[in-house]
Novice: 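Quick one: this structure, given as structure tokens, is what I'll be asking you about.
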Amino acid sequence: MTALQSVAVIGAGAWGTALATVAARAGRNVTLWARNAEHAARIASTRDNPRLPGVRIVPEIIVTSDLALAARADMLLIATPAQHLRGAVNMLASHITKAVPIVACAKGIEHGTHKFMTDVIAEAAPHAQPAMLSGPSFADDVACGLPTAVTLAASDEALASSLVQALGSPTFRPYHSTDIRGVEIGGAAKNVLAIAVGIAVGRKLGASAQAALTTRGFAELTRLGRALGARRETLTGLSGLGDLILTCSSPQSRNFALGLALGRGEQPPAGKLAEGEFTAPVLIELAASQNIELPVSEAVASILSGRSTIDAAISALMTRPFKAEE
Ligand SMILES: NC(=O)C1=CN([C@@H]2O[C@H](COP(=O)(O)OP(=O)(O)OC[C@H]3O[C@@H](n4cnc5c(N)ncnc54)[C@H](OP(=O)(O)O)[C@@H]3O)[C@@H](O)[C@H]2O)C=CC1
Ligand SMILES: O=C(CO)COP(=O)(O)O
């Protein structure tokens, strides 16, 4: 029996809905919070969320827009877009009086501050115990109960283990870690790199280019991660290499799909959140502040901002001075 019996998920998008399903499957009492009262009422009555169509939300999950009710849970999962995580935690903070675990489930880095998600939680809710969940996990797969493994990190190992016990089930297997920063870097960087690989695939550059970009992308992720104190085993683990492989190989990924459309010269899919678009400029700024070169991510940022064409960016990457592989 876990001490963390009740779980509230803040943000009723695709990922929040999938995570609510995970927690219910693990035997927790679950509340799914949507910011819009009408939206919450519609999900509660139809047991379906248009942001994750086709997934039945079991009746045991309470769907609400009452934040005070959600904040009473033993642990909170924040599944808003990364740039909205601070706003959501700010609202929650006034309802939090004890050291409740708050698990960031968004993948990104905050604009302006260059802060990772758990740093934002620590600032916005100083009483809370920040944690981070990340890894190769498409919301659809997870909600359907397909086998998934992720990393769940907290600075206190006992807390990380308790969170794993609370959410784990025979179809959802979290591994615990204390390397929060390593987990956060993997989740943020892989979205930017998936856009790059999507562009290459959309441009029909071939399977060899896809493998090369994914690998050199991993070198970037590792370089930045090591500079920021991440552990090697985290970067090569589920939340690093694992999520990079998933996202750089499947059009099911919205980041990959964005790149695919750009590479083909088509309109990007409308209304789909691709976090890499928001992470790219801040990832570059963060790397520059550490004197780290991220040529693939820089190419993505310059294509997205219109500073470079796709063809010029590809040519620039391929004509960089030859160097040792590292
Ligand atoms: N989808 C996936 O497979 C996975 C996603 N993630 C990560 O999860 C995060 C969310 O993605 P996802 O669920 O897919 O995105 P969606 O676009 O499906 O949903 C985002 C949700 O966040 C809500 N929201 C937006 N701003 C706020 C706010 N200020 N306060 C509260 N709620 C807010 C939106 O509400 P409204 O409906 O009212 O607009 C919406 O329900 C991203 O960082 C993503 O990288 C991680 C792993 C897997
Ligand atoms: O993070 C994800 C899978 O691990 C979801 O990827 P996308 O946001 O690119 O769809």
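Atoms within each ligand, like the ligands themselves, are counted from 1 in listed order.
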Novice: Report the part of Ala12 in contact with ligand 1, treating N, CA, C, O as backbone and CB onward as side chain, heavy atoms under 4.0 Å; options are side chain, backbone, both, neither.
Specialist: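 For Ala12, only backbone atoms sit under 4.0 Å from ligand 1.
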Novice: Should you measure from each heavy atom of Ser137, which atoms of ligand 1 turn up under 4.0 Å away?
Specialist: 3 (O), 47 (C), 48 (C)
Novice: Do me a favour and list the nearest non-hydrogen protein atom to atom 41 (O) of ligand 1 with residue, atom name and distance?
Specialist: Gly13 N, 3.1 Å
Novice: How long is the straight-line distance from CG of Leu67 back to CZ of Arg72, given to the nearest 0.5 Å?
Specialist: 10.5 Å
Novice: Identify, by atom number and element, the atoms of ligand 1 in contact range of Trp33, meaning under 4.0 Å from any of its heavy atoms.
Specialist: 31 (C)
Novice: Considering only NZ, NE, NH1 and NH2 on the basic side and carboxylate oxygens on the acidic side, decide whether Arg320 and Glu293 come within less than 4.0 Å.
Specialist: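 Looking at Glu293 together with Arg320, the answer is yes, because their closest N to O distance falls below 4.0 Å.
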Novice: Tell me which one of Arg51, Arg35, Gln252 gets a heavy atom nearest to atom 37 (O) of ligand 1.
Specialist: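 It is Arg51 whose heavy atom sits nearest to atom 37 (O) of ligand 1.
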Novice: May I ask which of Gly198, Ala106, Ala274, Ser253 has a heavy atom nearer to atom 9 (O) of ligand 2 than the others do?
Specialist: Ser253
Novice: Is the contact between Ala79 and ligand 1 made by the side chain, the backbone, both, or neither, using heavy atoms and a 4.0 Å cut-off?
Specialist: backbone
Novice: Would you say Leu238 ends up clustered with Leu167 if hydrophobic residues are merged whenever their side chains have heavy atoms under 4.5 Å apart, either directly or through other cluster members?
Specialist: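 No; tracing contacts between hydrophobic side chains, which count when under 4.5 Å, never links both residues.
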Novice: What verdict does the side-chain contact (heavy atoms from CB on, under 4.5 Å) test give for Phe116 and Ile180, after you've listed the backbone C-alpha separation in whole Å, the side-chain angles of each residue and the deciding distance to 0.1 Å?
Specialist: CA-CA 10 Å; Phe116 286 92; Ile180 296 183; over 6 Å; no
Novice: Can you pull out the closest protein heavy atom to atom 6 (O) of ligand 2? Residue, atom name and distance to 0.1 Å, please.
Specialist: Lys190 NZ, 3.5 Å
Novice: Any idea which part of Cys105 is under 4.0 Å from ligand 1, heavy-atom wise: side chain, backbone, both or neither?
Specialist: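 Backbone only.
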Novice: Can you name the one residue among Asn255, Thr247, Thr279 that meets side-chain hydrogen bond (donor to acceptor under 3.5 Å, both in side chains) with Asn191?
Specialist: Asn255
Novice: Taking Ile303 as the starting point, is it possible to reach Leu205 by hopping between hydrophobic residues whose side chains are less than 4.5 Å apart?
Specialist: yes
Novice: In terms of hydrophobic clusters joined by side-chain contacts under 4.5 Å, are Val142 and Val9 together?
Specialist: yes
Novice: Only one of Val197, Val192, Ile199, Leu193 passes side chain to side chain contact (heavy atoms under 4.5 Å, CB included) with Ile195; say which it is.
Specialist: Ile199
Novice: Does even one non-hydrogen atom of Lys272 get within less than 4.0 Å of ligand 2?
Specialist: no
Novice: Need the ligand 2 atom indices (1-based, order shown) with element for anything under 4.0 Å from a heavy-atom of Thr247.
Specialist: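 Every atom of ligand 2 under 4.0 Å from some heavy atom of Thr247: 9 (O).
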Novice: Please determine whether residues Val201 and Phe218 belong to a single hydrophobic cluster, defined as Ile, Leu, Val, Met, Phe, Trp and Tyr linked transitively by side-chain heavy-atom distances below 4.5 Å.
Specialist: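 Yes; tracing contacts between hydrophobic side chains, which count when under 4.5 Å, links both residues.
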Novice: At a 4.0 Å cut-off, with the gap strictly under it, does some heavy atom of Ser137 reach an atom of ligand 2?
Specialist: yes
Novice: Considering Gln252, Arg254, Glu275 one by one, which has a heavy atom nearer to atom 7 (P) of ligand 2 than any of the others?
Specialist: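 Considering heavy atoms of Gln252, Arg254, Glu275, the nearest to atom 7 (P) of ligand 2 sits in Arg254.
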Novice: Out of Val30, Thr31, Val7, which residue meets the side chain to side chain contact (heavy atoms under 4.5 Å, CB included) rule with Ile61?
Specialist: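 Passing option: Val30.
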Novice: To the nearest 0.5 Å, what is the distance between CZ (Arg226) and CZ (Arg231)?
Specialist: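 Going from CZ on Arg226 over to CZ on Arg231, the span is 10.5 Å.
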Novice: Could you see if Leu152 belongs to whatever hydrophobic cluster contains Leu77? Use Ile, Leu, Val, Met, Phe, Trp, Tyr and a side-chain cutoff under 4.5 Å.
Specialist: yes
Novice: Which option wins on minimum heavy-atom distance to atom 22 (O) of ligand 1: Gly276, Ala14, Ala88, Pro81?
Specialist: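 Minimum heavy-atom distance to atom 22 (O) of ligand 1 goes to Pro81.
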Novice: Is a salt bridge present between Arg181 and Glu184, judged by a nitrogen-to-oxygen distance below 4.0 Å?
Specialist: yes
Novice: Atom 14 (O) of ligand 1: which protein heavy atom is closest, and how many Å away?
Specialist: Arg254 NH1, 2.7 Å
Novice: For ligand 2, which atoms, with element, lie under 4.0 Å from some heavy atom of Lys107?
Specialist: 1 (O), 2 (C), 3 (C), 4 (O)
Novice: Using a 4.0 Å heavy-atom threshold (strictly under), name the region of Pro136 that reaches ligand 2: side chain, backbone, both or neither.
Specialist: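 The answer is the backbone.
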Novice: May I ask you to list the atoms of ligand 2 that are less than 4.0 angstrom from any heavy atom of Asn255?
Specialist: 7 (P), 8 (O), 9 (O)
Novice: Record the part of Asp243 in heavy-atom contact with ligand 2 below 4.0 Å; permitted values are side chain, backbone, both and neither.
Specialist: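 The side chain, only.
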Novice: Run through Leu133, Val164, Asp243, Val183 and flag the one making a side chain to side chain contact (heavy atoms under 4.5 Å, CB included) with Val150.
Specialist: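 Single pass found, and it is Leu133.
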Novice: Is the closest side-chain donor-acceptor distance between Asn49 and Thr17 under 3.5 Å?
Specialist: yes
Novice: Only heavy atoms of Leu246, strictly under 4.0 Å: list the atoms of ligand 2 that pass.
Specialist: 3 (C), 4 (O)
Novice: Closest non-hydrogen protein atom to atom 45 (O) of ligand 1, residue and atom name please, with distance?
Specialist: Glu275 CG, 3.4 Å
Novice: Which protein heavy atom lies closest to atom 3 (O) of ligand 1, and at what distance to 0.1 Å?
Specialist: Ala139 N, 2.8 Å
Novice: Which is it for Lys107 and ligand 1 at heavy atoms under 4.0 Å: side chain, backbone, both or neither?
Specialist: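 It is both backbone and side chain that touch ligand 1.
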Novice: Is it the side chain (CB and beyond), the backbone, both or neither of His39 that lies under 4.0 Å from ligand 1, heavy atoms counted?
Specialist: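 Under 4.0 Å from ligand 1, His39 contributes side-chain atoms alone.
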Novice: Please determine whether any non-hydrogen atom of Ala139 lies less than 4.0 Å from an atom of ligand 2.
Specialist: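 No heavy atom of Ala139 comes that close to ligand 2.
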Novice: Roughly how far apart are Thr118 OG1 and Met132 CE, rounded to 0.5 Å?
Specialist: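 So the gap between those two atoms works out to 8.0 Å.
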Novice: Ignoring hydrogens, just give me the one of Phe278, Trp15, Phe138 whose non-hydrogen atom is nearest atom 13 (O) of ligand 1.
Specialist: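 The nearest heavy atom belongs to Trp15.
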Novice: Less than 3.5 Å between some nitrogen or oxygen of Asn191 and one of ligand 1, yes or no?
Specialist: no
Novice: Under 4.0 Å, heavy atoms only, figure out whether ligand 1 is touched by the backbone of Leu273, its side chain, both or neither.
Specialist: side chain
